Amino acid sequence: MKCENCTKTECSKKKKTEENGEILDAPALADGEEKSEFHRLADAKIFLSDCLACGNCVTSEEGAKIFAQNQKELFKVLNLNKKCDSSLHKLVVASVSPQSVPYFAVKFHLSVCEAAKKLCGFLKSLGVHHVLDTTIAADFSILETQKDFIQRFRRQTQDEHAFPIFASACPGWVQYAERVLGGSVTPHICTAKSPQQIMGSLVKGYFASSKNVSPDKIFHLMVAPCYDRKLEALREDYYTELYNCRDVDCVLTSGEVMQIMEQKNISVKEVEEFSLGNVFGETSCEFVRHEGTSSDGYLTYVFRHAAKELFDMDVQEITYKALKNKDFLEVSLEKDGETVLRFAAAYGFRNIQNMVLKLRKGKFHYHFVEVLACPGGCLNGKGQAQPMDGKVERALLHEMEEVYTRVPVQNPDSNPHIQALYENWLQGAESQKSKQTLHTKIAASTQSAARLDMKW
């Protein structure tokens, strides 16, 4: 692995202390130096080959491909669209993550709905043809995760990897599991694609077909809160050899889009407002979200669905219990005096490390865990919540959480388009096409296979 932050053969950025099997914060560094939570892990020397998949450590080849995902790539396509040679023209489609919009709302001093319209208007002023809301992709991802959980629960006596089930929406977590944790963890990860990559399938599949455009003639841009989404877009299983194109061609973080606005010296007041569209060619005046203060609420929806489907219990209010810290939460369901479901949310690598330690010792007794690499969740993605010095802008994060919680909530199963897409596009919810389109393969890399003896 190649680390962008240092060139030493041994990574001195990780400090690790262990007490009673749990990773704790390391002592304060000399001269008042303060490292991020992720980097406060070592006292032992850790080689770069053991480095966590934090988005800062990638192979040289991956680094080059990630670097190519920048505004130059977008403007290259936009400029070609202005040329006379129509054979080089592409339909430019931008998909906007729900967790990116609060960033612009705070920066623009607008409501989330108003900020979404301004962002849409700005992207269209650059030459983007369609700007789409990705809520429907998250709907699919959550519903497929629910389905996976129920199937695993019912076959748990035949499947040693049935529990715990880990959510698969966070690319930083998935990459870390594949490259570092290996086969002891990857079978536990849900195979449902993340919202970004389901959106890629929708745009290059359903949307392309409805517009009578070949997938390779669409340039699909994703606006997202974190840099790990760039690496996710490069996964081999998100490339279609038939059309020689990827489901997502370029990922720009919220901060990178803001930089474009600043470079063009455009006042937000001058930007015309346009409502976000969807893959059906419709526009919506209302911006909606899923439950959860900073993510898509996988834990909430899977928990409620499992309670109803498995135990015929309707759960309205969910009470979360904070354990070691505010980023590790637990929720349980009791029936007839017995705990029948135990779910957890683990945000940030400190909690992920502790979770893995307990899993390997057989002391992690949860059915489902919503795992996110960023402490605080997706709103705290490095592509929008952290300035150049790497420290979290806590005031910005707090404001984003406040405006995000004011957005109306829409449950995944209440989206009227979902069933239509299952039947008309995917040939049924249980069809082979549905599985191929909405699921992916999670597997340990050959590199991680040799590291199963790692001591954390």
Side-chain angles (χ1 to χ4, degrees), residues 74 77 90-101 113 116-117 119-121 123-124 127-145 169 192-224 229 232-233 238-240 242-243 245-252 274-290 296 407-408 410-429 431 433-440:
L74 170 62
V77 174
K90 289 195 175 186
L91 184 70
V92 183
V93 179
S95 298
V96 179
S97 165
Q99 288 79 31
S100 285
V101 182
C113 188
K117 292 178 180 179
L119 176 60
C120 181
L123 292 172
K124 287 194 171 186
V128 175
H129 300 106
H130 301 275
V131 184
L132 308 180
D133 175 22
T134 62
T135 302
I136 192 170
D139 289 338
F140 270 120
S141 183
I142 292 168
L143 292 174
E144 290 298 309
T145 301
K193 285 183 182 178
S194 72
Q196 170 175 296
Q197 295 309 137
I198 289 181
M199 196 65 192
S201 297
L202 282 165
V203 169
K204 293 294 181 85
Y206 180 84
F207 188 75
S209 177
S210 68
K211 296 293 182 183
N212 197 27
V213 177
S214 176
D216 61 314
K217 288 297 183 179
I218 292 180
F219 182 82
H220 186 200
L221 167 70
M222 176 66 66
V223 180
R229 295 291 173 190
E232 179 184 29
Y238 301 148
Y239 170 79
T240 304
L242 177 63
Y243 295 104
C245 69
R246 298 191 176 278
D247 295 340
V248 176
D249 297 292
C250 180
V251 177
L252 293 182
F274 287 92
S275 295
L276 291 175
N278 60 29
V279 292
F280 300 96
E282 305 167 342
T283 58
S284 173
C285 295
E286 186 178 38
F287 185 85
V288 297
R289 67 176 177 90
H290 295 117
D296 281 310
V407 176
Q410 175 181 284
N411 292 326
D413 52 10
S414 66
N415 190 326
H417 295 302
I418 290 291
Q419 290 307 318
L421 283 171
Y422 269 128
E423 295 304 320
N424 302 328
W425 177 49
L426 297 172
Q427 302 168 5
S431 70
K433 183 177 181 180
S434 180
K435 290 180 174 63
Q436 291 175 347
T437 304
L438 303 178
H439 288 258
T440 186

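Nothing here was measured: the structure is a model prediction, and the numbers come from that model.
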Q. Which one of Asn278, Leu276, Val93 satisfies the side chain to side chain contact (heavy atoms under 4.5 Å, CB included) criterion with Leu132?
A.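 Among Asn278, Leu276, Val93, the one meeting side chain to side chain contact (heavy atoms under 4.5 Å, CB included) with Leu132 is Val93.
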
From [X] atom [atom1] to [Y] atom [atom2], the distance as rounded to the nearest 0.5 Å:
X      : Y      : atom1 : atom2 : result
Ser100 : Leu252 : OG    : CG    : 10.0 Å
Glu232 : Lys193 : CD    : NZ    : 10.0 Å
Asp133 : Met199 : CG    : CE    : 7.5 Å
Ser194 : Tyr238 : OG    : OH    : 5.5 Å
Ile198 : Asp139 : CD1   : CG    : 9.5 Å
Arg229 : Gln197 : CZ    : CD    : 8.0 Å

Going by the rule ring pair (Phe, Tyr, Trp, His ring centres under 6.0 Å), which residues pair with [X] if we only count those two or more places apart in sequence or in a different chain?
X      : result
His129 : none
Tyr422 : Phe140
His439 : none
Tyr243 : none

Is a donor on one side and an acceptor on the other found under 3.5 Å between the side chain of [X] and the backbone of [Y]?
X      : Y      : value
Lys90  : His220 : no
Ser209 : Gly205 : no
Thr134 : Ala137 : no
Ser414 : Asn411 : yes

Ignoring hydrogens, what is the shortest heavy-atom contact between [X] and [Y]? Give both atom names and the distance.
X      : Y      : answer
Cys120 : Ser275 : SG-O, 3.6 Å
Ser434 : Ala429 : OG-O, 3.3 Å
Asp247 : Ser201 : OD2-OG, 4.0 Å
Pro412 : Ile418 : O-CG1, 4.0 Å
Glu144 : Ala192 : CB-CB, 3.9 Å

Q: Taking side chain to side chain contact (heavy atoms under 4.5 Å, CB included) as the test, write out the residues that go with Ala138, two or more places apart.
A: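 Here the qualifying residues are Pro195, His290, Asp296.
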
Q: May I have the step-by-step check of side-chain contact (heavy atoms from CB on, under 4.5 Å) for Phe207 and Leu91, ending in yes or no?
A: CA-CA 11 Å; Phe207 188 75; Leu91 184 70; 4.1 Å; yes

Side chain proximity check, [X] to [Y], heavy atoms < 4.5 angstrom:
X      : Y      : result
Val203 : Ser95  : yes
Leu421 : Leu202 : yes
Leu74  : Phe219 : yes

Q. Tell me, which pairs form a salt bridge (Lys or Arg N to Asp or Glu O under 4.0 Å) where one or both residues lie in residues 202-223, sequence neighbours left out?
A.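 Qualifying pairs, neighbours excluded: Lys204-Asp249.
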
Q) Does the pair Leu221 and Val77 meet the rule for a side-chain contact (heavy atoms from CB on, under 4.5 Å), with working shown? A) CA-CA 11 Å; Leu221 167 70; Val77 174; over 6 Å; no

Q | Residues Gln99 and Ser97: side-chain donor-acceptor under 3.5 angstrom | A |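 Result is yes, a qualifying pair exists.
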
Q | Verdict with reasoning, Leu143 to Asp413, per side-chain contact (heavy atoms from CB on, under 4.5 Å) | A | CA-CA 7 Å; Leu143 292 174; Asp413 52 10; 4.3 Å; yes

Q: Mark yes or no: Lys124 above the aromatic ring of Phe274, with NZ or CZ under 6.0 Å from the six-membered ring centre and no more than 45 degrees from the axis.
A: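 The answer is yes, since Lys124 meets both limits relative to Phe274.
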
